[in-house]
Amino acid sequence: MASMTHAPVEREAPVRRRAQDAPRPGRRGRTRPNVVGALGGWLWLAIIILPIYYVVITSLKNQDGFFATNPLAPPANPTFDNYALVLGSDFARYFANSVIVTVGSVVPTLLVSFMAAYAIVRGRGWFVNWTNRLFLLGLAIPLHATIIPIYWMITRAHMYDTLLALILPSVAFAIPISVLILSNFLRDVPNELFESMRLDGASDWAMMWRLALPLVRPAVVTVGIYDALNVWNGFLFPLILTQSPETRVLPLSLWTFQGEFSVNIPAVLASVVLATLPLLVVYVVARRQLVSGLTAGFSK
């Protein structure tokens with residue numbers, strides 16, 4: 001009798017579980033489109049596109065058409081005279097100086113930051129801890145508070161009005177944040193991988209370049225692009241530490257189109273468009289690595 005009373009209960013249990021797991025009619029509401037999110041996305045896109053649209057159409061206008069027409073109206077007679085004026089005003093020299101300063105700042109920053117982050121994550125001892133604190137202290141020092149000491153050191157070292165005077169301070173201010181970001185990514189690398197390579201006889205130098213670097217490559221690309229943007233758009237260091245046109249970079253080249261009583265706005269915006277094109281090319285080439293570095297950790 002006991003077996004006969006318990007048998008129906010055991011047969012009905014799977015049926016009840018399947019009935020509970022079946023989709024309910026009320027859950028269909030979750031598949032509705034997110035209208036509020038879509039409207040917010042289109043609104044944010046309009047906010048981003050409007051300045052870009054204004055810069056592009058204004059660079060295709062002449063000086064008279066800029067003041068005589070609606071600022072947001074497309075040009076009636078588009079012209080590339082502004083781009084010809086910019087290219088003929090030593091734009092190639094300013095562009096080359098910006099490339100030299102950017103590459104000369106980003107490459108040493110990534111090299112030093114990656115090795116320092118690896119030493120902080122894999123190292124032990126009081127020296128490593130104090131080094132990490134020193135890098136964190138660098139994040140708390142604002143750039144504007146150090147411009148006078150930097151100017152004094154650059155002039156005492158006889159590097160004023162040189163490209164090296166722009167590279168060294170840029171590297172110094174980019175290293176702390178780069179070390180912080182790369183060390184956080186290196187902490188996510190499983191320790192078992194390092195121990196496996198150590199058992200195979202690999203040294204710390206080999207593990208750093210053959211194991212750690214390939215695994216955190218998206219983070220390295222992201223940090224490199226972030227540092228390159230800061231150096232490429234930097235204005236304070238070139239303004240204070242350089243003077244001659246031979247060492248002028250792109251942010252300072254906008255002064256070329258500023259007269260004593262007027263400013264050639266279309267030419268300035270044409271220079272902005274030409275200065276933005278390299279950044280756009282870099283993003284198109286490295287967008288996958290950049291997105292991987294920005295979204296790393298969200299899937300955990």
Side-chain angles (χ1 to χ4, degrees), residues 48 51-52 55 86 90-118 135 138-139 141-144 146-147 150 154 159 162-186 209 212-242 247-254 268-296:
I48 297 299
I52 300 176
V55 170
V86 171
D90 288 337
F91 180 83
R93 175 187 296 177
Y94 306 148
F95 180 82
N97 291 339
S98 294
V99 171
I100 293 173
V101 173
T102 302
V103 174
S105 301
V106 172
V107 172
T109 298
L110 293 179
L111 184 62
V112 174
S113 301
F114 176 72
M115 291 190 295
Y118 181 84
F135 284 123
L139 298 174
I141 301 176
L143 184 148
H144 301 81
T146 61
I147 193 64
I150 290 176
I154 292 297
M159 290 189 299
T162 62
L163 296 181
L164 190 60
L166 304 179
I167 293 175
L168 295 180
S170 300
V171 173
F173 279 92
I175 284 179
I177 184 64
S178 302
V179 171
L180 178 63
I181 297 174
L182 293 178
S183 60
N184 290 332
F185 275 87
L186 284 172
W209 296 111
L213 181 59
L215 293 178
V216 299
R217 185 175 300 169
V220 174
V221 174
T222 303
V223 172
I225 294 177
Y226 174 78
D227 294 336
L229 287 176
N230 290 333
V231 177
W232 186 270
N233 298 323
F235 183 80
L236 184 59
F237 284 152
L239 178 64
I240 302 298
L241 303 177
T242 59
T247 57
R248 188 173 296 171
V249 293
L250 284 179
L252 289 184
S253 67
L254 303 179
V268 171
L269 296 184
S271 178
V272 171
V273 172
L274 292 177
T276 308
L277 290 179
L279 302 179
L280 182 61
V281 173
V282 171
Y283 171 76
V284 172
V285 173
R287 66 184 184 277
R288 292 185 178 179
Q289 299 289 336
L290 179 62
V291 173
S292 300
L294 293 176
T295 58

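Values below: all heavy atoms of this structure, side chains included; hydrogens, waters and symmetry mates excluded.
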(message) Do L213 and R217 have side chains that approach each other closer than 4.5 Å (heavy atoms only, starting at C-beta)?
(response) no
(message) So, applying side-chain contact (heavy atoms from CB on, under 4.5 Å) with F237, which one of L168, I147, T242 is it?
(response) I147
(request) Could you list the residues that satisfy side-chain contact (heavy atoms from CB on, under 4.5 Å) with V107, not counting sequence neighbours? (result) V103
(request) Under the side chain to side chain donor-acceptor pair (under 3.5 Å) rule, collect the residues that match up with N184, sequence neighbours excluded. (result) R187
(message) Give me the atom names and distance for the closest heavy-atom approach of V223 to L110.
(response) CG1-CD2, 3.9 Å
(request) Calculate, to the nearest 0.5 Å, the distance between atoms CG and CD1 belonging to L164 and I100 respectively. (result) 11.5 Å
(message) Do P251 and P238 have side chains that approach each other closer than 4.5 Å (heavy atoms only, starting at C-beta)?
(response) no
(request) Drop me the distance from L250's CG to R93's CZ, to the nearest 0.5 angstrom. (result) 13.0 Å
(message) My understanding is that only residues two or more places apart in sequence, or in another chain, count here; which of them pass side-chain contact (heavy atoms from CB on, under 4.5 Å) with T276?
(response) V272
(request) Decide yes or no on side chain to side chain contact (heavy atoms under 4.5 Å, CB included) for I150 and I154, but give the supporting numbers first. (result) CA-CA 6 Å; I150 290 176; I154 292 297; 4.1 Å; yes
(request) Look up atom OG in S113 and atom CG in L182, then write down how far apart they are to the nearest 0.5 Å. (result) 6.0 Å
(request) Answer whether the closest heavy-atom distance between the side chains of L274 and L277 falls below 4.5 Å. (result) yes
(request) Please report the C-alpha distance between F173 and T146 in whole Å, then the side-chain angles of each, then the deciding distance to 0.1 Å, and finally whether the side chain to side chain contact (heavy atoms under 4.5 Å, CB included) criterion is met. (result) CA-CA 10 Å; F173 279 92; T146 61; 3.0 Å; yes
(message) What I'd like to find out is whether the side chain of L241 reaches to under 4.5 Å of the side chain of P169, using heavy atoms alone.
(response) yes
(message) Is any side-chain heavy atom of F185 closer than 4.5 Å to one of T222?
(response) no
(message) Holding to side-chain contact (heavy atoms from CB on, under 4.5 Å), I want the full list of residues that pass it with V282, two or more places apart in sequence or in another chain.
(response) I225
(message) Tell me if a side-chain donor or acceptor on S105 pairs with a main-chain N or O of T102 at a distance below 3.5 Å.
(response) no
(request) Sequence neighbours left out, what passes ring pair (Phe, Tyr, Trp, His ring centres under 6.0 Å) with Y118? Give chain and number order. (result) none
(request) Output yes when a side-chain donor or acceptor of N97 lies under 3.5 Å from a complementary backbone atom of R248, and no otherwise. (result) yes
(request) Return the minimal non-hydrogen interatomic distance between V179 and A116, and the atom names on each side. (result) CG2-CB, 4.1 Å
(message) Under the rule for ring pair (Phe, Tyr, Trp, His ring centres under 6.0 Å), what residues qualify as partners of F95, not counting sequence neighbours?
(response) W232
(request) Provide the closest heavy-atom pair for S178 versus T109 in the form atom of the first, atom of the second, distance. (result) OG-CG2, 3.7 Å
(message) Quick one: does any side-chain atom of S183 pair with a main-chain N or O of L180 as donor and acceptor, under 3.5 Å?
(response) yes
